[in-house]
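All heavy atoms count here, side chains included; hydrogens, waters and symmetry mates do not. FYI, the numbering just counts along the sequence from 1.
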Amino acid sequence: NKKRFKKRKNFVIGAGYNYYLNSKEKENLSRVGAKLNNYPCLNIGSILFDHFYVGIEYSSREVGFFEARIYTPNVDNYFSSSSINLYLSAKAGDDIEKYAVGYDYFIHENFSINTEVVYYFYSKSGSTNHISFGPANDWEILPPIYVRKTYYHESHSDMQFSMKIQFHF
């Protein structure tokens, strides 16, 4: 019989890989940059009251996610919600939210393989300014300056898969 580890450890550190599905819609986004590319990830967090996980997942060049998990009793399944770091979101105008179902498969009391199936939603809004100079008349010292403001919004949703090796202590 397989031994089940019912009491979870307090701290978790893990490393793995996030795999975003490629779709034509994602490829057509002009402002997404590297945020939805496949990159290794690192997570660190704490399990509170044996059923709640709160942590951070650092997942690409400039994306850090705040993650919360709710584990089911006596089973190592969980539901999670993640959101991009608020500072980075305000700075860049990005918003990425993730909702996942995951499982921790314990290969030892202190080590687990974590797998997740994630639905994510990405959006970016903002504006850009275009400055141009018009032709100067004979009586003008400086040419006229024109400022044109362009507003944009793009969004995308799709699936992501994740696999990590985690150390519990």
| message | Just so I know, are the side chains of Glu154 and Ser123 near enough to count as touching, which here means a heavy-atom distance under 4.5 Å? | response | no
| Are Ser132 and Arg148 close enough that some pair of their side-chain heavy atoms sits under 4.5 Å apart? | no
| field | OH on Tyr151 to OG on Ser127, rounded to 0.5 Å | value | 5.5 Å
| Got Ile56 and Glu67 here, is their nearest side-chain heavy-atom distance under 4.5 Å? | no
| said: Does atom CD1 (Ile165) have a neighbourhood of more than 12 heavy atoms from anything else shown, all under 6.0 Å? | reply: no
| Can you get from Val117 to Tyr119 by hopping between Ile, Leu, Val, Met, Phe, Trp and Tyr side chains that sit under 4.5 Å apart? | yes
| Minimum side-chain heavy-atom gap Ile113-Met163 below 4.5 Å | yes
| Between the side chain of Asp104 and the main-chain N/O of Asn114, is any donor-acceptor distance below 3.5 Å? | no
| said: If we count only N and O atoms by modelled type, under 3.5 Å, do the side chains of Glu116 and Tyr78 hold a donor and an acceptor together? | reply: yes
| message | Go through it in stages, so that I can follow the logic: the residues are Ser80 and Tyr99, the test is side chain to side chain contact (heavy atoms under 4.5 Å, CB included), and I'd like the CA-CA distance, side-chain angles, deciding distance and then a yes or no. | response | CA-CA 6 Å; Ser80 77; Tyr99 303 98; over 6 Å; no
| In terms of side-chain heavy atoms, does Ser125 have a donor or acceptor partner in Tyr152 at a distance below 3.5 Å? | no
| message | Let's go through Thr115 and Lys164 carefully: what are the C-alpha distance in whole Å and the side-chain angles of both, what is the deciding distance for side chain to side chain contact (heavy atoms under 4.5 Å, CB included) to 0.1 Å, and is it a yes or a no? | response | CA-CA 7 Å; Thr115 56; Lys164 302 171 194 140; over 6 Å; no
| For the hydrophobic clusters of this structure (ILVMFWY residues joined by side-chain heavy atoms under 4.5 Å, transitively), does one cluster hold both Ile44 and Phe167? | yes
| query | Any link between Ile13 and Phe11 through a network of hydrophobic side chains (Ile, Leu, Val, Met, Phe, Trp, Tyr) touching at under 4.5 Å? | reply | yes
| Can Ser112 and His168 be counted as having a side-chain donor-acceptor contact under 3.5 angstrom? | yes
| message | Quick check on the 6.0 Å ring-centre criterion: do Tyr19 and Tyr17 meet it? | response | no
| task | Indicate yes or no: at least one non-hydrogen side-chain atom of Ile131 is less than 4.5 angstrom from one of Ile145. | result | yes
| query | Centroid-to-centroid, His130 to Tyr146, below 6.0 Å? | reply | no
| task | Group every Ile, Leu, Val, Met, Phe, Trp and Tyr by side-chain heavy-atom contacts under 4.5 Å, then state whether Phe169 and Phe111 land in the same group. | result | yes
| Any side-chain heavy atom of Ile70 within less than 4.5 Å of one from Phe52? | yes
| message | Against Tyr120, only a single residue in His156, Gln160, Glu97 fulfils side chain to side chain donor-acceptor pair (under 3.5 Å); can you say which? | response | His156
| query | Distance-only, no hydrogens or angles: does the Ser46 side chain make a donor-acceptor pair with backbone N or O of Asn10 under 3.5 Å? | reply | yes
| said: With rounding to the nearest 0.5 angstrom, report the OH to OH distance, Tyr20 to Tyr39. | reply: 11.0 Å
| Under a 4.5 Å cut-off applied to non-hydrogen side-chain atoms, are Arg69 and Tyr71 in contact? | yes
| field | Any side-chain heavy-atom pair of Phe106 and Asp76 under 4.5 Å | value | yes
| said: Nearest 0.5 angstrom please: Phe161 CZ to Leu21 CG, how far? | reply: 5.0 Å
| Hey, any chance Ile107 and Tyr103 share a hydrophobic cluster, counting ILVMFWY side chains that come within less than 4.5 Å of each other, even indirectly? | yes
| To the nearest 0.5 Å, how far apart are CD1 in Ile96 and OG in Ser82? | 10.5 Å
| query | What is the distance from atom OH of Tyr122 to atom OG of Ser155, rounded to the nearest 0.5 Å? | reply | 9.5 Å
| said: Within a 6.0 Å radius of atom CZ on Phe79, are there more than 12 heavy atoms belonging to other residues, nucleotides or ligands? | reply: no
| message | Quick one about Asn18 and Ser162 (side-chain donor to acceptor, distance below 3.5 Å, no hydrogens or angles considered), yes or no? | response | yes
| said: Can you see whether Phe65 has Lys98 sitting over its ring - NZ or CZ less than 6.0 Å from the centre and within 45° of the normal? | reply: yes
